[in-house]
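The sequence lines fix the lettering, A, B, ..., with proteins before strands; numbering per chain opens at 1. Computation of the quantities below employed the complete heavy-atom set of this structure, encompassing side-chain atoms and omitting hydrogens, waters and symmetry-equivalent molecules.
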Protein chains: 2
Amino acid sequence: MSPKTKEQFKEIRNQSKASIQAAALELFGKQGYANTSISQIAKAAGISKGLMYNYFESKEVLLREILLAAFGEGENLMETSLLQQSAPKEQLLAIIEGTFYMVRSQPQYWKLLTTLAFQPEIAGEIEWATKHKREGTLELFKNILAQLGVKDTEKEAYLMGATLDGILLQYFFLGNTYPLEDMKKLYIERFCNF
Amino acid sequence: MSPKTKEQFKEIRNQSKASIQAAALELFGKQGYANTSISQIAKAAGISKGLMYNYFESKEVLLREILLAAFGEGENLMETSLLQQSAPKEQLLAIIEGTFYMVRSQPQYWKLLTTLAFQPEIAGEIEWATKHKREGTLELFKNILAQLGVKDTEKEAYLMGATLDGILLQYFFLGNTYPLEDMKKLYIERFCNF
DNA sequence: GTCTATATGAGGATAGAC
DNA sequence: GTCTATCCTCATATAGAC
């Protein structure tokens with residue numbers, strides 16, 4: 001027998017978890033959470049249905065862990081790119097570029113989060129998170145806009161947020177035929193002309 | 001026995017159908033389609049579960065009939081308000097006012113359509129409709145913008161559509177605390193300044 | 001750690017009495 | 001037209017062998 005250390009076991013376990021999460025993320029994003037069965041996930045991950053429950057105690061927990069990972073990545077990326085800028089206009093640009101980058105590079109996460117936000121039955125799971133994120137971005141916008149001398153920061157922040165969301169949703173629906181890069185430019189041109 | 005005419009029967013039947021549809025619309029909008037059971041609908045409509053199937057042969061058909069009604073109303077409203085205008089700018093304003101009005105006056109329909117659009121499992125049902133509507137509005141925008149002398153009508157139409165959608169989604173998420181009327185004004189001010 | 005087989009429950013849909 | 005009782009499918013979750 002080849003004796004294995006605790007670390008090695010842990011490593012194997014983590015890899016298995018990761019591959020299940022990856023498969024689930026893909027399927028959740030494509031078909032939605034409710035319409036994706038454990039069987040499908042297990043099949044996609046190349047394991048048996050029962051084994052799933054050695055790694056995640058329920059489908060809901062699986063979802064939560066995927067979401068936590070997604071949020072973590074997002075927060076990280078945003079914070080680091082924000083810290084590199086101090087001038088308000090550059091901060092604003094950093095937020096925008098960061099958002100577009102995130103959506104482009106991790107479309108599955110983005111799709112999953114979006115579909116979930118519109119599924120009231122699941123919303124409870126991620127309500128705190130989306131709400132927190134939404135309000136956080138809005139506050140950030142308001143803050144920066146105030147520094148840039150904008151008068152009605154509340155409404156202006158809403159408008160900027162609305163357009164940003166709208167563009168990303170169009171990308172969501174239209175896929176790669178959508179001129180995302182051009183729209184980013186147009187957005188910056190139209191909303192960041194300070 | 002009180003003899004009833006065919007018309008009277010039909011009338012009773014239509015009223016029953018309507019009350020079921022109303023209950024279902026309410027619940028679908030609040031909880032989502034997948035997470036609303038036939039039992040719940042029947043209870044809300046004050047009838048038994050089994051009776052549902054005398055009026056709608058399946059849950060899916062029930063959904064479809066609700067959607068068809070919603071689309072019909074929407075199309076109607078939009079077309080009549082469009083026909084009253086001929087100048088491009090007034091047409092543009094009519095579309096915008098019409099959209100806001102529709103969302104304000106029939107929030108349940110709007111919520112249902114929105115949640116469904118983001119549920120891949122159901123999307124097939126209404127894909128044709130949403131796609132058609134989406135493209136139609138976009139074409140309309142492009143057309144009007146061209147008449148108004150805008151250069152890149154494609155991107156501009158996307159931007160206008162994105163912002164409009166985004167505002168309505170914020171309303172969707174924030175509810176009555178959201179300053180919808182003010183945002184409408186701001187939107188018109190910012191995008192219809194021709 | 002991994003599998004197969006099974007328990008359990010929910011929800012859509014049907015049958016048949018009234 | 002309306003109800004109650006029942007069927008059936010499917011998906012989550014568990015048990016137990018290997």
Side-chain angles (χ1 to χ4, degrees), chain A residues 1-24 27-28 30-66 116 119-122 124-125, chain B residues 1-24 27-28 30-66 116 119-122 124-125:
Chain A
M1 341 177 152
S2 60
K4 297 226 171 57
T5 66
K6 278 186 185 172
E7 282 72 28
Q8 281 175 313
F9 272 122
K10 205 173 172 186
E11 186 53 32
I12 290 173
R13 193 173 172 80
N14 283 339
Q15 282 186 3
S16 300
K17 280 193 79 163
S19 78
I20 295 172
Q21 279 186 349
L27 288 169
F28 285 164
K30 207 185 301 178
Q31 313 177 336
Y33 171 77
N35 212 45
T36 300
S37 70
I38 299 284
S39 311
Q40 284 178 303
I41 298 170
K43 197 176 200 176
I47 59 166
S48 75
K49 200 165 64 162
L51 188 54
M52 280 281 323
Y53 291 90
N54 262 328
Y55 291 102
F56 303 94
E57 68 179 12
S58 75
K59 191 181 172 185
E60 205 174 308
V61 169
L62 170 58
L63 174 64
R64 191 177 299 133
E65 294 207 20
I66 290 175
L116 287 178
Q119 300 188 339
E121 64 260 47
I122 310 295
E125 273 297 304
Chain B
M1 335 180 154
S2 60
K4 297 226 172 58
T5 66
K6 279 185 184 174
E7 282 70 28
Q8 282 175 313
F9 272 122
K10 205 173 174 186
E11 186 53 33
I12 290 174
R13 193 174 172 81
N14 283 340
Q15 282 186 3
S16 300
K17 279 193 80 162
S19 78
I20 295 172
Q21 279 187 349
L27 288 169
F28 285 164
K30 206 186 302 177
Q31 313 176 334
Y33 172 77
N35 211 46
T36 300
S37 70
I38 298 284
S39 310
Q40 283 178 302
I41 297 170
K43 197 177 200 174
I47 59 164
S48 75
K49 198 164 68 159
L51 187 53
M52 280 281 322
Y53 292 89
N54 263 328
Y55 292 103
F56 302 93
E57 68 180 12
S58 73
K59 191 181 172 185
E60 206 175 307
V61 169
L62 171 57
L63 173 64
R64 191 177 301 132
E65 294 208 19
I66 290 175
L116 286 178
Q119 300 189 342
E121 64 260 48
I122 310 297
E125 274 297 304

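Atom CG of Leu51(B) and atom P of dA5(D) are 16 Å apart (whole Å). Residue Leu63(A) contributes atom CG, which lies 15 Å from atom C1' of dT12(D) at whole-angstrom precision. Atom OH of Tyr33(A) and atom C1' of dA11(D) are 12 Å apart (whole Å). For the pair Ile20(B) CD1 and dG1(D) C1', the interatomic distance rounds to 11 Å; values are reported in whole Å. At whole-Å resolution of the value, CD in Gln8(A) and P in dG1(C) are 12 Å apart. Distance Asn54(A) CG to dC3(C) P: 10 Å, rounded to the nearest Å. One can place CD1 of Ile12(A) at 7 Å from P of dG1(C), the figure rounded to the nearest angstrom. Taking atom NZ of residue Lys10(A) and atom C1' of nucleotide dG1(C), one finds them 18 Å apart after rounding to whole Å.
Between Tyr53(B) and Ser58(B), the shortest heavy-atom distance links the atoms CE2-CA, 4.2 Å.
Residue Ser48(B) is in base contact, counting any heavy-atom pair closer than 4.0 Å across all strands shown. Across all strands, Phe56(B) comes closer than 4.0 Å to no nucleic acid atom at all (heavy-atom distances).
Within the cation-pi definition used here (under 6.0 Å to the ring centroid, within 45° of the axis), Lys59(B) qualifies as a partner of Tyr33(B).
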Side-chain polar contacts of residues 38-49 of chain A - donor-acceptor pairs under 3.5 angstrom, sequence neighbours left out - could you list them?
{"residue": "Gln40(A)", "atom": "OE1", "partner": "Ser37(A)", "partner atom": "N", "Å": "3.0"}
{"residue": "Gln40(A)", "atom": "NE2", "partner": "Gln31(A)", "partner atom": "OE1", "Å": "3.4"}
{"residue": "Ser48(A)", "atom": "OG", "partner": "Leu51(A)", "partner atom": "N", "Å": "3.4"}

Requested in this report: Could you check Gln21(B) against Phe56(B) for side-chain contact (heavy atoms from CB on, under 4.5 Å), going step by step and ending with a plain yes or no?
Outcome: CA-CA 10 Å; Gln21(B) 279 187 349; Phe56(B) 302 93; 3.6 Å; yes
For nucleotides 13-16 of chain C, which of its nitrogen or oxygen atoms have a protein nitrogen or oxygen under 3.5 Å away, and what is each distance?
{"residue": "dA13(C)", "atom": "OP2", "partner": "Tyr53(B)", "partner atom": "OH", "Å": "3.3"}
{"residue": "dA13(C)", "atom": "OP2", "partner": "Lys59(B)", "partner atom": "N", "Å": "3.0"}
{"residue": "dA13(C)", "atom": "N6", "partner": "Lys49(B)", "partner atom": "NZ", "Å": "3.2"}

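Partners of Glu65(A) under the salt bridge (charged side-chain N to carboxylate O under 4.0 Å, His left out) rule, at least two apart in sequence or in another chain, are Lys17(A).
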